[in-house]
*Asks:* 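Got a structure for you, questions after.
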Amino acid sequence: MPELPEVETIVRELRRHIVGKTIAAVRLFWPRSVEGSQSEFCRRLRGMTVAAVFRRGKYIGLESADGTFFTIHLRMTGKLVQEMAAQDRKHLRVRFNFLDGTALHFVDTRKFGRLRLWPSREQSCPGLGPEPLRQATLLAVLRALSTTRAIKTVLLDQTILAGIGNIYADEALFATGIHPLTPAAALNHGQQKRLARSLPLVLRLAIGRRGTTLRDYRTVEDRSGENQEHLFVYGRSGQPCLTCGTAIEKMRIAGRSSHFCPRCQKKTV
DNA sequence: CTTCACACCTGGCCGC
DNA sequence: TGCGGCCAGGTGTGAA
């Protein structure tokens, strides 16, 4: 489900809702949602006062003043909500109760989401590439690519760039006019520069719209995003390209469906 | 190094 | 109505 813009939206709402609060109780309804020792996880979190909430790629990180740090990865269907809707109760996996009487619910239909403790914030989420929100960072990363893997595959690789998922990879490639199968190292300077400009734009616009809600994604306040109203290619196969009218095509790349306009995104190699 | 199948899970949708 | 097959914002593993 959630990619960088959705996770960023959730993190911003979490800051409003839980910073300063102390966890009174943690209850696991689906223990496998927690990686590592479940008893240690619950023990360390009990009594923890949330000092800060972070995002790193698609990870949400919560930290206390004494250095306790844990992450939540929502994978496909995970969500964090203050209040549970009726249909959420069946999929409640973890519940955090705070001293002030409020709660935070980790709801996850498909049970792919994962929570885990780390020794510190610095030692968490190893192997993630840089954040893709700055043009200069992206340009450096794109210029350094020497792989022949398809650019779409590379954008989805979290060790190269952290936070991009299937929707925004497709949208950014469309915005840049690059065919998703283009070998990463074959991008010319103009394409590198345009992609480095487009990606942060696509992501920031989506953040401004609180992300893309296709099915399950909801914010902490149980609001949906609005970016689904502004997609150019994702989920639009067979429909006319909003730029040129050609039917959007769909093909499988890196095991994921990829949407593109065969006219606006010509293969250059 | 890279691709690919498969695993982890549940539910919605479509065709028959 | 029921059933099978296919699909889904993600990631990790092991085989080829």
Side-chain angles (χ1 to χ4, degrees), chain A residues 1-11 29-36 55-60 71-80 85-94 106-116 124-129 132 145-173 180-181 183-186 199 202-203 205-207 209-219 224-238 250-259:
Chain A
M1 151 173 82
E3 307 180 29
L4 186 153
E6 291 75 34
V7 177
E8 178 64 26
T9 303
I10 289 165
V11 162
F29 296 89
W30 180 255
R32 276 192 271 172
S33 295
V34 172
E35 286 181 301
R55 180 191 61 74
R56 175 79 175 96
K58 300 173 193 170
Y59 288 84
I60 298 163
T71 55
I72 301 169
H73 196 303
L74 302 170
R75 297 281 181 97
M76 293 291 269
T77 55
K79 52 184 179 178
L80 290 168
Q87 64 271 24
D88 286 342
R89 301 191 175 280
K90 191 173 165 193
H91 307 297
L92 175 63
R93 308 303 178 202
V94 181
F106 174 65
V107 174
D108 185 18
T109 305
R110 292 177 69 182
K111 302 174 174 169
F112 290 165
R114 291 292 178 265
L115 289 68
R116 69 166 288 176
S124 68
C125 314
L128 282 186
L145 291 173
S146 57
T147 180
T148 58
R149 295 158 77 202
I151 185 63
K152 167 73 187 273
T153 309
V154 168
L155 292 180
L156 292 177
D157 185 338
Q158 303 298 299
T159 69
I160 296 175
L161 290 166
I164 302 165
N166 210 25
I167 296 178
Y168 301 106
D170 282 1
E171 292 297 313
L173 289 173
L181 283 179
L199 255 171
V202 166
L203 295 170
L205 273 170
I207 292 170
R209 295 170 181 141
R210 296 195 317 277
T212 303
T213 297
L214 298 175
R215 297 174 188 77
D216 309 279
Y217 163 67
R218 298 250 142 197
T219 73
S224 58
E226 290 169 0
N227 196 59
Q228 62 278 12
E229 316 289 337
H230 304 270
L231 297 175
F232 285 85
V233 288
Y234 188 86
R236 296 195 64 247
S237 56
K250 177 164 150 177
M251 71 185 301
R252 209 112 188 122
I253 303 173
R256 317 291 300 279
S257 56
S258 302
H259 315 72

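We name chains A, B, ... by the order of the sequence lines, and we start the count at 1 in each one.
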*Asks:* Starting at atom CZ of Arg32(A), determine the distance to atom P of dG12(C), rounded to an integer number of angstrom.
*Replies:*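 Answer to the nearest Å: 17 Å.
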
*Asks:* Can you measure Trp30(A) atom CH2 to dC9(B) atom C1' for me and round it to whole angstrom units?
*Replies:*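 Spelled out: CH2 on Trp30(A) to C1' on dC9(B) is 8 Å.
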
*Asks:* Does this structure show an ion pair linking Arg75(A) with Asp108(A), if we count only N-O contacts that are shorter than 4.0 Å?
*Replies:*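 A salt bridge is absent here (no side-chain N lies under 4.0 Å from a carboxylate O).
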
*Asks:* For dA5(B) and dC6(C), measure between their P atoms and round to the nearest Å.
*Replies:*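 Straight-line distance between the two P atoms is 14 Å.
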
*Asks:* Distances for protein N/O vs nucleotides 13-16 of chain C N/O pairs under 3.5 angstrom?
*Replies:*
none

*Asks:* Considering non-hydrogen atoms only, spot the tightest contact between Ala254(A) and Thr153(A) and give its length.
*Replies:*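 Reported closest heavy-atom pair: CB-OG1, 3.7 Å.
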
*Asks:* Choose from dT10(B), dG12(C), dA8(C) the nucleotide whose nearest atom is closest to any side-chain atom of Lys111(A).
*Replies:*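 The answer is dT10(B), which lies nearest to the side chain.
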
*Asks:* Would you classify Arg114(A) as touching base, sugar-phosphate or nothing, given that sugar-phosphate means primed atoms plus P, OP1 and OP2, and contacts are heavy atoms under 4.0 Å?
*Replies:*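 The residue Arg114(A) makes no contact with any strand.
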
*Asks:* Atom CZ of Arg110(A) and atom P of dG12(B): how far apart are they, to the nearest Å?
*Replies:*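 It works out to 12 Å between those atoms.
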
*Asks:* Does the Arg56(A) side chain pair with the main chain of Tyr59(A), one donor and one acceptor, at a distance under 3.5 Å?
*Replies:*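 Checking the backbone N and O of Tyr59(A) against the side chain of Arg56(A), no donor-acceptor pair under 3.5 Å is found.
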
*Asks:* For dA8(C), does OP1 or OP2 lie under 4.0 Å from any side-chain N or O of Ser257(A)?
*Replies:*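 Result: yes.
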
*Asks:* I'd like to check, for Phe112(A), whether its ring lies over the base of dT11(C) with centroids under 5.5 Å apart and a plane angle smaller than 30°.
*Replies:*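 Here Phe112(A) fails the 5.5 Å or the 30° condition.
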
*Asks:* Nearest-Å distance, CG (Leu74(A)) to P (dT11(C))?
*Replies:*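 Nearest whole value for this atom pair: 11 Å.
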
*Asks:* Between Arg236(A) (CZ) and dA8(C) (P), how many Å, whole number?
*Replies:*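 Those two atoms, CZ and P, are 17 Å apart.
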
*Asks:* Roughly how far apart, to the nearest Å, are dG5(C) and dC6(B) at atom P?
*Replies:*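 To the nearest whole Å, 15 Å.
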
*Asks:* Any side-chain N or O of Lys79(A) under 4.0 Å from OP1/OP2 of dG9(C)?
*Replies:*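 For Lys79(A), the contact criterion (side-chain N or O under 4.0 Å from OP1 or OP2 of dG9(C)) is not met.
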
*Asks:* Would one find a side-chain N or O of Lys90(A) under 4.0 angstrom from OP1 or OP2 of dT10(B)?
*Replies:*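 No, outside the criterion.
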
*Asks:* Using a 3.5 Å distance criterion without hydrogens, assess whether the side chain of Glu171(A) forms a donor-acceptor pair with backbone atoms of Phe232(A).
*Replies:*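 Side chain of Glu171(A) to backbone of Phe232(A): a pair is present.
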
*Asks:* Only counting residues at least two apart or in another chain, list the ones meeting salt bridge (Lys or Arg N to Asp or Glu O under 4.0 Å) with Lys79(A).
*Replies:*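 Only Asp88(A) meet the salt bridge (Lys or Arg N to Asp or Glu O under 4.0 Å) criterion with Lys79(A).
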
*Asks:* Under 4.0 Å between a side-chain N or O of His91(A) and OP1 or OP2 of dT10(B)?
*Replies:*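 No, His91(A) has no side-chain N/O under 4.0 Å of OP1/OP2 on dT10(B).
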
*Asks:* Answer with base, sugar-phosphate or nothing: what part of the nucleic acid does Glu6(A) contact at a heavy-atom distance below 4.0 Å?
*Replies:*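 No contact at all - Glu6(A) keeps every heavy atom at 4.0 Å or more from the nucleic acid.
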
*Asks:* Locate the shortest heavy-atom distance separating His259(A) from Val233(A); write the atom from each residue and the value.
*Replies:*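 Residues His259(A) and Val233(A), closest heavy atoms: CB-O, 3.2 Å.
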
*Asks:* Among dC8(B), dT11(C), dA8(C), which is the nearest nucleotide to the side chain of His73(A)?
*Replies:*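 For His73(A), the side-chain atoms sit closest to dT11(C).
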
*Asks:* Return the value, rounded to whole Å, for the distance between atom CD of Glu226(A) and atom C1' of dG9(C).
*Replies:*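 After rounding, the gap between these two atoms is 17 Å.
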
*Asks:* Please classify the nucleic acid contact of Thr109(A) as base, sugar-phosphate, or nothing, using heavy-atom distances under 4.0 Å.
*Replies:*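 If one applies the 4.0 Å heavy-atom cut-off, Thr109(A) turns out to touch the sugar-phosphate alone, with no base involved.
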
*Asks:* Heavy atoms under 4.0 Å, any strand shown: does Asp108(A) hit a base, just sugar-phosphate, or nothing?
*Replies:*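 It contacts nothing in the nucleic acid.
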
*Asks:* Mind checking the P distance from dC7(C) to dC4(B)? Whole angstroms is fine.
*Replies:*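 Pairwise P distance, dC7(C) against dC4(B), rounds to 16 Å.
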
*Asks:* Do you see a donor-acceptor pair shorter than 3.5 Å between the side chains of Glu6(A) and Tyr168(A)?
*Replies:*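 Present: a donor and an acceptor within the cut-off.
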
*Asks:* Which residues pass the salt bridge (Lys or Arg N to Asp or Glu O under 4.0 Å) test with Glu35(A), not counting sequence neighbours?
*Replies:*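 Listed in chain order: nothing, the list is empty.
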
*Asks:* Using the 3.5 Å cut-off, write out each protein N or O paired with an N or O of nucleotides 2-7 of chain B and the distance between them.
*Replies:*
unit_1 : atom_1 : unit_2    : atom_2 : d
dT2(B) : OP1    : Thr147(A) : OG1    : 2.6

*Asks:* Apply side chain to side chain contact (heavy atoms under 4.5 Å, CB included) to residues Lys152(A) and Asn166(A) and explain how you reach the verdict.
*Replies:* CA-CA 9 Å; Lys152(A) 167 73 187 273; Asn166(A) 210 25; 2.6 Å; yes

*Asks:* Has the side chain of Gln228(A) got a donor or acceptor atom that lies under 3.5 Å from a matching backbone atom of Thr213(A)?
*Replies:*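 At least one qualifying donor-acceptor pair exists.
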
*Asks:* What's the gap between dT3(B) and dG9(C) when it is taken at their C1' atoms, as a whole Å value?
*Replies:*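 It works out to 23 Å between them.
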
*Asks:* Go through the structure and list residues passing salt bridge (Lys or Arg N to Asp or Glu O under 4.0 Å) with Arg55(A), not counting sequence neighbours.
*Replies:*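 Applying salt bridge (Lys or Arg N to Asp or Glu O under 4.0 Å) to Arg55(A) gives Glu8(A), Glu131(A).
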
*Asks:* Return the minimal non-hydrogen interatomic distance between Ile10(A) and Tyr217(A), and the atom names on each side.
*Replies:*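 Shortest heavy-atom separation between Ile10(A) and Tyr217(A) comes out as CD1-CE1, 3.8 Å.
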
*Asks:* Rounded to whole Å, please give me the gap between CD in Glu171(A) and P in dG9(C).
*Replies:*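 Between P of dG9(C) and CD of Glu171(A): 13 Å.
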
*Asks:* Want to know the stems of DNA chain C: at least 3 consecutive Watson-Crick or G-U pairs with distances under 3.5 Å, which are they?
*Replies:*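 So far as stems of 3 or more pairs are concerned, DNA chain C shows B:2-8 with C:10-16, B:10-16 with C:2-8.
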
*Asks:* Please name the pair of heavy atoms, one in Ile164(A) and one in Leu155(A), separated by the smallest distance, quoted to 0.1 Å.
*Replies:*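 That closest heavy-atom pairing would be CB-O, 3.5 Å.
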
*Asks:* Return the value, rounded to whole Å, for the distance between atom CZ of Arg116(A) and atom P of dG12(C).
*Replies:*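 Computing the Arg116(A):CZ to dG12(C):P distance gives 10 Å.
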
*Asks:* Could you check if the base of dG9(C) is syn or anti? Syn means the glycosidic torsion is within 90 degrees of 0.
*Replies:*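 Syn conformation here, the glycosidic angle of dG9(C) being no more than 90° from 0.
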
*Asks:* Can you work out whether Arg215(A) or Arg75(A) has the more 5'-proximal nearest nucleotide on DNA chain B?
*Replies:*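 Nearer the 5' end of the strand: Arg75(A).
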
*Asks:* Compute whether any side-chain donor of one residue and acceptor of the other, for Lys250(A) and Ser257(A), lie under 3.5 angstrom apart.
*Replies:*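 No pair is found: no donor N or O on one side chain lies under 3.5 Å from an acceptor on the other.
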
